[in-house]
Amino acid sequence: MTELVAIFGPTASGKSAVAIELAELVGGEIVSCDSMQAYRGLPILTNQPTAEELTCVPHHMVGVWDPSVTGSVAAYALQARDAVDGIRARGRLPIVAGGTGLYLRAVVADVQLPSQPDEGVRERFAELYDRVGPAAAHARLAGVDARAAGVVHPNDRRRVVRALELHQAGASLVGDADRLWASDTRLPTLLVGLEVGRQLSATRIAARTRSMFARGVVDEVRTARASGPFSHTAERIHGLQDVSALIAGEIDQAEAERRLEVRTRRYAKRQRTWMRRLTAMRTVDGQGDPALVGREIANML
């Protein structure tokens, strides 16, 4: 018997709407597996559920971190798994929905994740990378974890730093990824992937980008920036760089929209790659009415 449903798909594939329809049909609650939606204060930029949607169906892991918090897969997994277990204890169906592949696997998979690094470790390796340069930092990684160095480009600062950090904690970037993409799950799980044609996806992304600016994303980012510093993980929220550049007067709105649209299309491409790595996934056409797609998934249960 299925005890958890996971809905994955690229940006603008309709995951949120389908998850809400399914939750209303089967008596479920939604657990977001979107690394950006976990941050509060940027609901427009991160495309968080509306107040009306939050009223219709309980949502978890939305707006739970302050932008100053350094997010991680491990930190997310602890909170999200607790949310899943709480939903089940209430006799309802957990529906994990979102587009961050590692976050989805972290809450669904039956794996032990590396603990949070000790205070200052990540910053120390980041300083090392900046001081000695990409080639030397990558060489250091190769000397302690050759497999991880083999899958990380020297210019990928974030992953080189993360690999060094994991090695110091007694883990490996490669081993972590291998476990996350394994097929074992904590609970009997129905994993569904929403498929949307590339052209329709691009059209939806363009419309969403225009809507963000019309709804006031510039003022939203300006207010969030004024409230305090952002962690290095929050700084990677899609579109934050582009809107911030607009606020700083470095680019105009047309260029900010163009950059965000291009960035989002590239992210959707990576999400399609993640979909191919998720084993036991049942694909569904996500181009139709969300109510019909939700009913199709409900019939699979």
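Keep in mind that what you see is a predicted model, and the values were worked out from it rather than measured.
Going from atom CG of L25 over to atom CZ of R295 covers 5.0 Å, rounded to the nearest 0.5 Å. Within the model, atoms CD1 of I20 and NE2 of H59 stand 4.5 Å from one another, a figure rounded to the nearest 0.5 Å. Going from atom OH of Y76 over to atom CE of M61 covers 5.5 Å, rounded to the nearest 0.5 Å. Rounding to the nearest 0.5 Å places CG of N47 at 6.0 Å from OG of S16. The structure places CD1 of I297 at 4.0 Å from CD1 of I7, a figure rounded to the nearest 0.5 Å. Atoms CG and CD1, on L246 and I251 in that order, are 6.0 Å from each other to the nearest 0.5 Å.
One hydrophobic cluster, built from ILVMFWY side chains closer than 4.5 Å, holds both V152 and Y129. Note on L187: it does not cluster hydrophobically with I95, by side-chain heavy-atom contacts below 4.5 Å among ILVMFWY residues. Cluster annotation: L194 and L104 are assigned to distinct hydrophobic clusters (Ile/Leu/Val/Met/Phe/Trp/Tyr, side-chain heavy-atom contacts under 4.5 Å, transitive). V73 is connected to Y267 through a chain of hydrophobic side-chain contacts under 4.5 Å among Ile, Leu, Val, Met, Phe, Trp and Tyr, so both are in one cluster. M281 and L22 fall into different hydrophobic clusters, where Ile, Leu, Val, Met, Phe, Trp and Tyr side chains are chained together by heavy-atom contacts under 4.5 Å.
Taking the side chain as every heavy atom from C-beta outward, T100 and C33 never approach each other to under 4.5 Å. Side-chain contact between E53 and V57 is absent, with no heavy-atom pair separated by less than 4.5 Å.
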Legend entry - Test log, rule side chain to side chain contact (heavy atoms under 4.5 Å, CB included), inputs D242 and E250: CA-CA 10 Å; D242 310 315; E250 298 169 3; over 6 Å; no
Legend entry - Working for salt bridge (Lys or Arg N to Asp or Glu O under 4.0 Å), residues R225 and E235: CA-CA 10 Å; R225 286 292 197 191; E235 286 286 357; 2.7 Å; yes
Legend entry - Worked check of side chain to side chain contact (heavy atoms under 4.5 Å, CB included) between R186 and V108: CA-CA 6 Å; R186 294 176 63 231; V108 170; over 6 Å; no
Inset, instruction - Evaluate side chain to side chain contact (heavy atoms under 4.5 Å, CB included) for T2 paired with T189, printing each intermediate quantity in order. - result: CA-CA 5 Å; T2 299; T189 299; 5.9 Å; no
Inset, instruction - Determine, step by step, whether V262 and R266 satisfy the side chain to side chain contact (heavy atoms under 4.5 Å, CB included) criterion, reporting the C-alpha distance in whole Å, the side-chain angles of both residues, the deciding distance to 0.1 Å, and the verdict. - result: CA-CA 6 Å; V262 170; R266 289 173 179 167; 3.6 Å; yes
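Between T11 and the options Q271, R270, R204, a side chain to side chain donor-acceptor pair (under 3.5 Å) holds for only Q271. Each of E261, E257, E255 was scored for a salt bridge (Lys or Arg N to Asp or Glu O under 4.0 Å) with R259, with one residue passing: E255. S201 pairs in a side chain to side chain donor-acceptor pair (under 3.5 Å) with only one of the listed residues (R265, R272, K269, Q287), which is R272.
Checked by atom type, the side-chain pair T264/R208 shows no donor-acceptor distance below 3.5 Å. If you check the side chains of Q79 and W65, you find a donor sitting under 3.5 Å from an acceptor. A donor-acceptor contact closer than 3.5 angstrom links the side chains of T46 and Q48. Inspection of the Y103 and S32 side chains reveals no N or O donor paired with an N or O acceptor under 3.5 Å.
Here the side chain of S231 pairs a donor or acceptor atom with the backbone of A234 at under 3.5 angstrom. Judged by distance alone, the side chain of T203 and the main-chain N or O of Q199 form a donor-acceptor pair under 3.5 Å. Judged by distance alone, the side chain of S211 and the main-chain N or O of A207 form no donor-acceptor pair under 3.5 Å. Side-chain atoms of E165 never come within 3.5 Å of backbone atoms of V121 as a donor-acceptor pair (strictly under, hydrogens ignored).
A salt bridge is absent between D34 and K15; no separation between the charged side-chain nitrogens and carboxylate oxygens falls under 4.0 Å.
G98 and F8 make their closest contact through O-CD1, 3.1 Å (heavy atoms, listed as atom of the first residue, atom of the second, distance). In this structure, G9 and M275 approach most closely via the heavy-atom pair CA-SD, 4.0 Å. A80 and V107 make their closest contact through CB-CG2, 3.6 Å (heavy atoms, listed as atom of the first residue, atom of the second, distance). Here the closest heavy-atom approach between residue D156 and residue R159 is recorded as OD2-CD, 3.0 Å. Considering all non-hydrogen atoms of both residues, I87 and L93 come closest at CG2-C, 3.7 Å. The two atoms that bring V217 and V243 nearest to each other are O-CG1, 4.1 Å, heavy atoms only.
Atom CZ of R236 is surrounded by more than 12 heavy atoms from other residues, nucleotides or ligands within 6.0 Å. Residue R215 qualifies as enclosed at atom CZ: its count of foreign heavy atoms under 6.0 Å is above 12.
Checked against salt bridge (Lys or Arg N to Asp or Glu O under 4.0 Å), E29 has the following partners two or more places apart in sequence or in another chain: R90, R92.
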